[in-house]
Amino acid sequence: MSAAAGARKRGKPASGARAGAGPGKRRRKADSARDRGKSKGGGKMNEEISSDSEGESPAPRRTEEEEQEELEETAQEKKLRLAKLYLEQLRQQEDEKAEAREFEEDQVAGRLKEDLLEQRGRLQKSVAKEVQAPAPGDMRVLRGHQLSVTCLVITPDDSAVFSAAKDCSIIKWSVESGRKLHVIPRAKKGAEGQLPGHSSHVLCMAISSDGKYLASGDRSKLILIWEASSCRHLHTFTGHRDAVSGLAFRRGTHQLYSTSHDHSVKVWDVAENSYVETLFGHQDAVAALDALSRECCVTAGGRDGTVRVWKIPEESQLVFYGHQGSIDSIQLINEEHMVSAADDGSLALWGLAKKRPLALRREAHGLRGEPGLEQPFWVSAVAALLNTDLVASGSHSGCVRLWRCGEGFRQLDPLCDIPLVGFVNSLKFSSAGDFLVAGVGQEHRLGRWWRIREARNSVCIIPLRRAPRPPAAGS
């Protein structure tokens, strides 16, 4: 009894504990079942949400490590992008340097090519298309001579102009101010103790390429040598038997070529004040002469209708035919080409390789006279801008006309007219080509066939405007 009671007594708490454990387990199971139900319910909700997003799979949650990794990859990409940008800048800089080097090489090559063409006498710079006619108010008229201006020269630095006239005087003008810098007056024949000068019409002048010497020739058969800077007389050459009509210095030297109405060409050494030699060939009075750096000169033969190239060392000559009238003016364009003008109104372009003109322009300044009796205006002066395609011609037609030489000097096209009243007896371009100087008179330099009373005996400085160049492509 006591044992059973004791066992029951001991078993009560044990059975109570089991009894108490059963409901606890059931509660935990129920809780877990509810949790599973909630999770299932949540899964259904997730499925409904995912179905609203058109069946896309749910985005997995990213860990902090993944987000940090992504941030690190973005920084790397930024570094890569900056590196690519830096390399692109370096490449552009190298391309620009390469273009600059190429441009410099092209410039050097262009200069070398120009030097080579100039040495061969084939250089033809294209400048005529840029030249524009000046406004009438831009022209300057310098008055100082009493009679018609016959000839003029420009100093190599383009700072001064020397002009001579039928009044036997020579005037040195300042290009900038237009003022007289020096006057060499007429010398009276037979007078003693007077300053040296010309006593007859001065027909031609030349200045050395270094600007040291000025030479002038007159109808009295004399060639006077002057110091160009001070107009001091240095020497007088005699030897021609008629009027001295043409003078030219060989470029880079003090060798002087002269021609005369006595049909001859003479060579002088101005530095030594000595005579060198005489060449013959023309059949009539020679009207004009020109020379460049080669040891040769070209002459206009007047009424014998020829242009001649004199090779001094060989003592030989080349004869060219083409004009129908008296050839009164000639000018070298480069060492291989020249332009001439005649009283039949024609202009001609010549090459030393051909005996006939490369281009011939008849009635270059139009016609004058009554209908049915028209005659061409005499072309009394011609000038060429050295090594370019720009040519100017003068007459008594009331204008100076600018011309453009075509490719290879095979064409001569008019550019523009510059109004100028009177006989244009001399024309010269400045070395830089920024102005043209005209010697104007009431009469022709070689005679008195006409007289234009309204003309002024003067020197006209004509500025040459340049059209702005279009910008280079890509600039």
Side-chain angles (χ1 to χ4, degrees), residues 133 147-151 165-166 201 203-204 243 245-246 261 282-288 299-307 320-331 338-350 356-384 391-405 411-427 436 438-458 460:
L147 298 178
S148 298
V149 177
T150 56
C151 55
K166 287 185 176 182
H201 297 177
L203 299 181
C204 54
S245 55
H261 290 176
H282 280 290
Q283 305 302 311
D284 205 337
V286 187
T299 53
R303 290 185 179 86
D304 75 359
T306 64
V307 169
F320 301 82
Y321 299 90
H323 290 286
Q324 295 179 354
S326 174
I327 307 173
D328 296 333
S329 183
I330 194 165
Q331 180 85 45
M338 52 193 169
V339 59
S340 62
D343 64 3
D344 63 356
S346 62
L347 279 176
L349 291 175
W350 308 83
R356 292 287 177 178
L358 299 176
L360 182 64
R361 190 83 182 199
R362 301 193 183 278
E363 301 175 4
H365 280 259
L367 300 172
R368 61 179 177 83
E370 299 178 0
L373 299 174
E374 297 95 341
Q375 293 291 327
F377 282 101
W378 291 8
V379 183
S380 52
V382 69
V391 169
S393 63
S395 179
H396 62 286
S397 60
C399 70
V400 170
R401 184 160 290 176
L402 299 183
W403 304 82
R404 178 182 178 272
C405 301
Q411 194 172 349
L412 198 58
D413 300 316
L415 283 176
C416 61
D417 291 345
I418 302 170
L420 197 58
V421 179
F423 279 90
V424 181
N425 290 320
S426 184
L427 287 170
L436 173 68
V440 184
Q442 294 180 338
E443 300 172 349
H444 193 282
R445 74 183 183 98
L446 298 177
R448 304 186 67 182
W449 299 282
W450 298 279
R451 183 178 177 85
I452 303 175
R453 294 186 179 277
E454 58 270 23
R456 296 180 178 181
N457 300 316
S458 59
C460 296

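These figures come from a predicted structure and were not determined experimentally.
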Do Y321 and T306 pass the side chain to side chain contact (heavy atoms under 4.5 Å, CB included) test, and can you show the C-alpha distance, the side-chain angles, and the key distance before you say yes or no?
CA-CA 5 Å; Y321 299 90; T306 64; 3.3 Å; yes
Whether S380 side chain and V424 backbone form a donor-acceptor pair below 3.5 Å:
yes
Give me the atom names and distance for the closest heavy-atom approach of V382 to S329.
CG1-OG, 3.1 Å
For H201 and T150, run side chain to side chain contact (heavy atoms under 4.5 Å, CB included): C-alpha distance rounded to whole Å, both residues' side-chain angles, the deciding distance at 0.1 Å, then the answer.
CA-CA 8 Å; H201 297 177; T150 56; 5.6 Å; no
For R445, does its backbone N or O pair with a side-chain atom of N425 as donor and acceptor, under 3.5 Å?
yes
Which of parallel (below 30°), tilted (30 to 60°) and perpendicular (above 60°) describes H444 and W378?
perpendicular
Show the nearest heavy-atom pair for residues S346 and L360, with the distance to one decimal.
CB-CD1, 4.1 Å
Correct closest heavy-atom pair for H282 and T299 would be NE2-OG1, 2.6 Å
Value rounded to 0.5 Å, distance of CZ in R404 from SG in C416
13.5 Å
Value rounded to 0.5 Å, distance of CD in Q375 from CD in E370:
12.0 Å
Give a yes or no on whether the backbone of E443 and the side-chain of S148 come within a donor-acceptor separation of less than 3.5 Å.
yes
Assess the side chains of H365 and S397: does a donor N or O sit below 3.5 Å from an acceptor N or O?
yes
If only side-chain N and O atoms count, and only distance matters, is there a donor-acceptor pair under 3.5 Å linking S340 with H323?
yes
Looking only at heavy atoms, which two atoms of S393 and L427 are closest? And how far apart?
C-CD1, 3.5 Å
Spell out, as yes or no, whether a donor-acceptor pair under 3.5 Å connects the side chain of D344 to the backbone of P376.
no
Given the rule in the side chain to side chain contact (heavy atoms under 4.5 Å, CB included) test, do C405 and V391 qualify, once you have shown the distances and angles that lead to the verdict?
CA-CA 7 Å; C405 301; V391 169; 3.6 Å; yes
For the residue pair F423 and H396, categorise the inter-ring angle as parallel (less than 30°), tilted (30 to 60°) or perpendicular (more than 60°).
parallel
Minimum heavy-atom separation for L420 and A438, please, with both atom names.
CD2-CB, 3.8 Å
When rounded to the nearest 0.5 angstrom, what is the spacing between CG in L347 and CZ in R401?
9.5 Å
With a 3.5 Å distance limit and no angle check, can you tell me whether D343 reaches the backbone of S326 through a side-chain donor-acceptor pair?
yes
Taking all heavy atoms of L349 and all of Q411, pick out the closest pair and write down the distance.
CD1-O, 3.6 Å
Once rounded to the nearest 0.5 Å, what's the spacing between atom CD of E374 and atom CZ of R368?
11.0 Å
Please indicate whether R303 has more than 12 foreign heavy atoms, meaning atoms of other residues, nucleotides or ligands, lying under 6.0 Å from its CZ.
no
